[in-house]
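Below is one structure, written out as structure tokens, with a few remarks after it.
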Amino acid sequence: MVLFFLIPLGVLAQKYTGKRAEWFVHDRFGMFIHWGLYSGAEGYWKGEKLRYGNDYAEWIQYRNRIAKEEYLKLTDRFDWDKINPEEWVILAKEAGMKYVTITAKHHDGFALWNSASNDYNIYEHSKPKRDIIKELSAACKKHGLKMGLYYSHWVDWEHPDGWDHTKEIYGIDQEAYDGYWQEKVIPQMRELLTQYEDIGMIWFDMWFHHSETVVSKEQLVQIKELIRELQPDCLINSRLGLSVEEDSDVDFRTLGDNQLGKNKLEYPWQTPATVAHSWGFHATENQWKSTSTLLRSLIGNVGLNGNFMLNIGPRANGEVPYEIETRLKAMGDWLKTNGEAIYGSGAFDLPNDQHDWGLMTYKLTGEGTHKTFLHLFNWPLNKKLKVSGIVDQPRKIYLLADKQKEPLNFDFNQAKITIALPDKPMNQYVAVVVMEFDDKPQIERGLAAELNAGGYSLDFNNTVSMNGETKIITPSRRGSIPRHINVDQPLTMRWNIFIDKPGDYFFDTSYSNQATGSNGQIMVTVGNDKLIHQTKPTGKTVGEANNRWVIDNFASNRMGHINFGKSGFYDVELKLMSDLEKKFKWQWLWLEPIN
Ligand code: H79
């Protein structure tokens with residue numbers, strides 16, 4: 001008898017997902033493993049540290065110009081009896097990760113499996129003979145995780161005709177490169193795709209489009225077709241050297257190393273990330289990110305429809321550094337309680353970073369419930385949580401960590417939901433508040449959110465319109481000169497705000513005026529009310545002592561106050577006008593109720 005189980009996976013928020021990538025988009029979180037001969041060097045060679053500020057330990061052979069024969073001697077440092085890939089898989093599972101991608105062959109060209117086509121592999125050089133890919137594949141199967149394989153196709157420092165960056169000096173022959181391709185890359189890909197059952201993804205690592213490299217489009221198409229022939233469901237990432245836009249066989253886009261998402265995308269994408277800096281184990285690694293930083297990266301990516309693949313660099317005895325293990329386990333604990341906000345969740349319609357209390361994710365469940373997840377990185381001092389921009393009333397609000405789903409009291413007013421929070425969050429790192437809706441919650445676009453402690457910060461980030469051509473000057477001198485605009489022509493900006501509590505609000509504005517008297521005018525208009533401010537000199541300030549670090553001061557100035565007679569949407573208009581000769585620089589507008 002065959003039993004069918006219907007598992008509600010949730011209807012994904014993300015559009016344009018190819019069938020193949022559905023599991024990937026749903027699962028959101030995976031493990032990356034960098035492990036190979038370099039793990040035995042630990043970032044040092046003959047007493048010398050790796051020769052490059054970008055301290056990637058897996059690059060030691062290239063950076064420190066190590067000859068192949070000497071590099072291979074690193075096998076002596078491996079504890080072959082102790083290494084157990086199943087432990088990595090168990091850790092991934094404990095961390096709430098759903099797949100494991102290992103460096104089957106990194107740039108050094110050394111294969112972690114019994115490769116019949118090339119004897120520069122672990123099986124030939126370990127004692128007892130080990131086939132790490134086979135062992136990892138079995139462990140993944142046993143524990144229900146998918147296995148992905150990193151394969152360095154472009155760079156190979158072992159094969160005389162593979163690419164290494166020195167060939168920019170000495171030249172490379174296209175025909176010879178194709179020799180490498182046909183005698184190493186293609187046969188090894190074939191082995192990987194046929195010897196180890198289902199492969200979830202092949203993760204390529206060429207961080208340039210092929211047109212900027214020695215690799216030809218034909219060579220990439222050859223690989224791609226081989227994958228599609230042997231494992232039609234296997235995912236391919238964009239570091240193959242082709243973009244998702246130009247080739248629908250490329251299943252997801254890989255951003256730069258440790259590059260987090262900025263914008264919501266409608267196709268699958270991913271950030272490969274490290275817990276510290278290096279990918280391979282490095283003896284003097286010291287840039288450990290905190291657990292909450294890692295969680296914020298995961299949540300932030302999911303809130304933009306992205307994925308997160310977090311790396312471990314085990315040692316030559318197989319051990320995972322304690323700093324990594326503890327963080328991964330803490331993330332897993334958090335996901336045990338809050339996984340619903342990550343797995344099968346994606347971007348909500350409001351900008352992900354609209355609120356100062358944290359980030360949002362969203363899902364439509366299999367039962368037809370719409371859930372918005374509010375991820376709070378700090379429990380608000382006033383025990384209130386303000387959500388701006390949702391114009392439908394939630395049917396229920398509760399803490400995701402609360403098994404009883406005890407409803408939280410809230411106030412709904414047109415475009416503002418104010419939630420009464422309990423005294424303490426129910427878990428560490430990040431607390432998740434769930435808002436449930438019967439229908440997809442509608443939103444008010446372009447609303448400048450009220451800050452959680454009260455007040456509205458209005459600037460170029462949340463303006464709905466800005467007329468007049470101007471350039472936003474990015475922060476300089478280590479941020480001591482903040483982001484601003486030069487008012488060298490009249491400018492008008494507008495914001496859309498929602499006033500929940502009617503009453504008197506004061507308006508402050510920040511600018512820099514380096515003249516001796518007034519050098520312009522700032523005008524705010526709300527309906528029939530106007531505030532006019534003549535700029536005052538703001539003087540200068542100093543960044544650090546004894547550094548000749550003099551900065552134009554940006555100072556907050558009171559403009560006056562305006563009465564908002566009733567609750568509702570308001571249009572705030574700002575006009576900036578400098579005097580002909582002496583121009584001022586403008587930064588922001590702030591309004592806050594007068595208690
Ligand atoms: O396998 C790992 C690395 O060995 C390999 N890809 C990851 C997954 C890799 N090595 N180099 N690169 C990727 C590209 C490096 C780009 C860099 Fe930068 C330019 C590193 C430093 C400058 C941009 C800025 C990326 C990091 C900082």
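Counting starts at 1 for both ligands and their atoms, in listed order.
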(message) For a quick test of reading the model, state the closest non-hydrogen atom pair linking W35 to R315 and the distance between them.
(response) NE1-O, 2.8 Å
(request) Considering the heavy atoms of Y56, write down every atom of ligand 1 situated less than 4.0 Å from one of them. (result) 3 (C), 4 (O), 9 (C), 10 (N), 11 (N)
(message) Side chain, backbone, both or neither: which applies to H277 and ligand 1 if a contact is any heavy-atom pair less than 4.0 Å apart?
(response) neither
(request) In plain terms, say whether E42 and R77 are close enough for a salt bridge, that is, a side-chain N and a carboxylate O under 4.0 Å apart. (result) no
(message) Would W203 count as a polar contact of ligand 1, with the cut-off being nitrogen or oxygen pairs under 3.5 Å?
(response) no
(request) Give the numbers and elements of all ligand 1 atoms closer than 4.0 Å to a heavy atom of N54. (result) 20 (C), 21 (C)
(message) Using a 4.0 Å cutoff against the non-hydrogen atoms of R239, which atoms of ligand 1 qualify?
(response) 6 (N)
(request) May I ask you to decide whether K19 forms a salt bridge with E22, counting only side-chain N to carboxylate O separations under 4.0 Å? (result) yes
(request) Determine whether the side chain, the backbone, both or neither of T103 has a heavy atom under 4.0 Å from any heavy atom of ligand 1. (result) neither
(message) Among D233, D251, D247, which residue satisfies the salt bridge (Lys or Arg N to Asp or Glu O under 4.0 Å) criterion with R228?
(response) D251
(message) Quick check on contacts: which atoms of ligand 1 are under 4.0 angstrom from a heavy atom of H106?
(response) 1 (O), 2 (C), 4 (O)
(message) Heavy atoms only: which of Y38, W207, W279 lies closest to atom 15 (C) of ligand 1?
(response) W207
(message) Side chains of Y120 and D108 only: does a donor on one sit below 3.5 Å from an acceptor on the other?
(response) no
(message) Please determine whether any non-hydrogen atom of M309 lies less than 4.0 Å from an atom of ligand 1.
(response) no
(message) In the complex you have, is atom 19 (C) of ligand 1 within reach of the protein, judged by whether a heavy-atom distance drops under 4.0 Å?
(response) no
(message) Could you check whether D156 and H107, counting side-chain N and O atoms only, form a donor-acceptor pair closer than 3.5 Å?
(response) no
